[in-house]
Colleague: 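Right, I'll just put the structure down here and ask away after.
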Amino acid sequence: MPNFEFDTGLKTFTINGDESRTITFSPTDQAFIRRLGEVYSKLEAMQNKWAQAAKDAGDDIDKLLKTMDEAEKEMREAIDSVFGKPVCDTVFGDLSVYGIASGAPLWANFLFAIFDECDKELAAQEKATNPRLQRLLKKYGKK
């Protein structure tokens, strides 16, 4: 059967230098970037909702633990939805997505890292696009 091969922009990234933990996505895919932005807003709202639920649990440890488990599940599902498959176990392992590091929740640190990669790759692709198009137009364009 005939086959088309072309670059889709998919890249595989290790998580914190651990080659056994990888995720794959296209940092220049506009649909992916849109989902990323949407989930950031959703997660921010969830963080606030679950923080309030934890306060409301007061001294009831069982209620607090149940609230934390529900928050973790909901937030992981939201992050996984961006990728269309489970990635949270690979990315966070046993850490809570709403744990804090460098002054921000882990889910935010992860998304910021992806946003940074998308910005960097989009800028690189933008520089590469024009010369490539010029070569193709010269080769296949009207003479």
Side-chain angles (χ1 to χ4, degrees), residues 1-137 139-141:
M1 173 183 315
N3 180 50
F4 285 114
E5 290 191 28
F6 60 97
D7 187 358
T8 61
L10 287 172
K11 294 188 175 208
T12 300
F13 299 88
T14 60
I15 304 301
N16 293 329
D18 183 346
E19 302 234 350
S20 70
R21 297 168 56 205
T22 63
I23 59 170
T24 300
F25 64 92
S26 174
T28 59
D29 178 11
Q30 298 302 311
F32 175 80
I33 294 168
R34 178 184 47 76
R35 290 192 308 271
L36 199 62
E38 289 171 351
V39 85
Y40 181 85
S41 296
K42 287 180 187 176
L43 288 167
E44 203 169 39
M46 284 180 202
Q47 181 85 20
N48 293 332
K49 174 184 87 170
W50 289 111
Q52 185 58 51
K55 284 180 188 175
D56 293 346
D59 293 334
D60 186 340
I61 282 293
D62 289 334
K63 188 174 181 180
L64 177 62
L65 292 174
K66 183 178 179 190
T67 296
M68 291 171 64
D69 288 344
E70 290 171 5
E72 186 72 21
K73 182 177 187 285
E74 183 180 34
M75 294 175 92
R76 282 178 177 251
E77 286 172 356
I79 294 167
D80 288 345
S81 73
V82 173
F83 295 86
K85 61 185 174 189
V87 297
C88 285
D89 286 346
T90 299
V91 173
F92 302 107
D94 291 337
L95 296 173
S96 171
V97 299
Y98 54 88
I100 304 291
S102 299
L106 296 185
W107 64 262
N109 290 336
F110 174 58
L111 295 186
F112 292 154
I114 294 175
F115 278 125
D116 287 346
E117 181 61 32
C118 291
D119 283 345
K120 182 177 83 176
E121 188 62 27
L122 283 167
Q125 289 299 324
E126 193 173 294
K127 285 182 181 178
T129 299
N130 192 30
R132 183 174 182 205
L133 283 176
Q134 292 304 318
R135 284 194 312 274
L136 291 171
L137 288 172
K139 183 175 180 180
Y140 298 107

Colleague: Where do Ala104 and Asn109 come nearest, in terms of heavy atoms and distance?
Modeller: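 Shortest heavy-atom separation between Ala104 and Asn109 comes out as CB-OD1, 3.4 Å.
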
Colleague: Sub-3.5 Å donor-acceptor pair from the side chain of Asp29 to the main-chain atoms of Gly9, do we have one?
Modeller: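 A pair under 3.5 Å: no.
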
Colleague: Hey, what's the ring geometry for Phe32 with Phe25, parallel, tilted or perpendicular (30° and 60° as the breaks)?
Modeller: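 Correct class here is parallel.
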
Colleague: Side chain to side chain donor-acceptor pair (under 3.5 Å) with Ser102: which residues, sequence neighbours excluded?
Modeller: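 Per chain and number, Ser102 pairs via side chain to side chain donor-acceptor pair (under 3.5 Å) with no residue.
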
Colleague: May I have the step-by-step check of side chain to side chain contact (heavy atoms under 4.5 Å, CB included) for Ile79 and Val91, ending in yes or no?
Modeller: CA-CA 10 Å; Ile79 294 167; Val91 173; over 6 Å; no

Colleague: Check whether any side-chain heavy atom of Val82 lies under 4.5 Å from a side-chain heavy atom of Ile114, and answer yes or no.
Modeller: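 With C-beta onward as the side chain, the pair stays apart.
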
Colleague: With sequence neighbours excluded, what pairs up with Lys42 under the side chain to side chain donor-acceptor pair (under 3.5 Å) test?
Modeller: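 Result, side chain to side chain donor-acceptor pair (under 3.5 Å) vs Lys42: none returned.
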
Colleague: Output all residues satisfying side chain to side chain contact (heavy atoms under 4.5 Å, CB included) with Gln30, sequence neighbours left out; order by chain, then residue number.
Modeller: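 Testing Gln30 for side chain to side chain contact (heavy atoms under 4.5 Å, CB included), a comparison that skips the adjacent residues, returns Ile33, Leu122.
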
Colleague: Lys49: which residues meet the salt bridge (charged side-chain N to carboxylate O under 4.0 Å, His left out) condition with it, sequence neighbours left out?
Modeller: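 Applying salt bridge (charged side-chain N to carboxylate O under 4.0 Å, His left out) to Lys49 gives Glu74.
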
Colleague: Applying salt bridge (Lys or Arg N to Asp or Glu O under 4.0 Å) to Glu70 and Lys73, what does each step give before you reach the verdict?
Modeller: CA-CA 5 Å; Glu70 290 171 5; Lys73 182 177 187 285; over 6 Å; no

Colleague: So if I apply the side chain to side chain contact (heavy atoms under 4.5 Å, CB included) rule between Val87 and each of Ile15, Ile23, Thr22, which one comes out positive?
Modeller: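 When Ile15, Ile23, Thr22 are each tested with Val87, the side chain to side chain contact (heavy atoms under 4.5 Å, CB included) holds only for Ile23.
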
Colleague: Pairs in or reaching into residues 86-96: which pass salt bridge (Lys or Arg N to Asp or Glu O under 4.0 Å), with residues at least two apart or in two chains?
Modeller: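 For residues 86-96, and leaving out neighbouring residues, the salt bridge (Lys or Arg N to Asp or Glu O under 4.0 Å) pairs sorted by first residue read Arg76-Asp89.
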
Colleague: Going by the rule salt bridge (charged side-chain N to carboxylate O under 4.0 Å, His left out), which residues pair with Lys63 if we only count those two or more places apart in sequence or in a different chain?
Modeller: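 So Lys63 forms no salt bridge (charged side-chain N to carboxylate O under 4.0 Å, His left out) with any residue.
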
Colleague: Going by the rule side chain to side chain donor-acceptor pair (under 3.5 Å), which residues pair with Arg35 if we only count those two or more places apart in sequence or in a different chain?
Modeller: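 Applying side chain to side chain donor-acceptor pair (under 3.5 Å) to Arg35 gives none.
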
Colleague: Would you please name every residue forming a side chain to side chain donor-acceptor pair (under 3.5 Å) with Asp56, sequence neighbours left out?
Modeller: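 For Asp56, the residues satisfying side chain to side chain donor-acceptor pair (under 3.5 Å) (neighbours in sequence not counted) are Gln52.
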
Colleague: So which atom in Leu106 and which in Ser96 form the shortest heavy-atom distance, rounded to 0.1 Å?
Modeller: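 So the minimum-distance heavy-atom pair works out to CD1-O, 3.2 Å.
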
Colleague: What residues, two or more places apart in sequence or in another chain, satisfy ring-ring contact (aromatic ring centres under 6.0 Å, His included) together with Phe115?
Modeller: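 Counting only residues at least two positions away or on another chain, Phe115 forms no ring-ring contact (aromatic ring centres under 6.0 Å, His included).
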
Colleague: Does any non-hydrogen side-chain atom of Gln47 lie less than 4.5 Å from one of Trp107?
Modeller: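 Result yes, sub-4.5 Å side-chain heavy-atom pair found.
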
Colleague: Could you give all pairs that pass the salt bridge (Lys or Arg N to Asp or Glu O under 4.0 Å) test and reach residues 99-116, with sequence neighbours left out?
Modeller: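 Listed once each, the pairs would be none.
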
Colleague: May I ask you to test the Glu72-Val97 pair for a side-chain heavy-atom distance under 4.5 Å?
Modeller: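 In short, these two side chains touch, coming nearer than 4.5 Å.
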
Colleague: What's the spacing between Thr67 OG1 and Asp69 CG if we round to 0.5 Å?
Modeller: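 Reported value, rounded in 0.5 Å steps: 9.0 Å.
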
Colleague: By the salt bridge (Lys or Arg N to Asp or Glu O under 4.0 Å) test, which pairs, at least two apart or in different chains, include something from residues 5-27?
Modeller: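 Residue pairs with at least one partner in residues 5-27: Lys11-Glu121.
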
Colleague: Check whether the side chains of Thr28 and Gln125 place a donor and an acceptor atom closer than 3.5 Å, and report yes or no.
Modeller: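 No, no side-chain donor-acceptor contact under 3.5 Å.
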
Colleague: Of all heavy-atom pairs between Ala78 and Val39, which one has the smallest distance, and what is that distance?
Modeller: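 Of all heavy-atom pairs spanning Ala78 and Val39, the closest is O-CG2, 3.2 Å.
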
Colleague: Which residue pairs pass the ring pair (Phe, Tyr, Trp, His ring centres under 6.0 Å) test when at least one of the two sits in residues 85-104, sequence neighbours left out?
Modeller: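 Qualifying pairs: Phe92-Phe110.
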
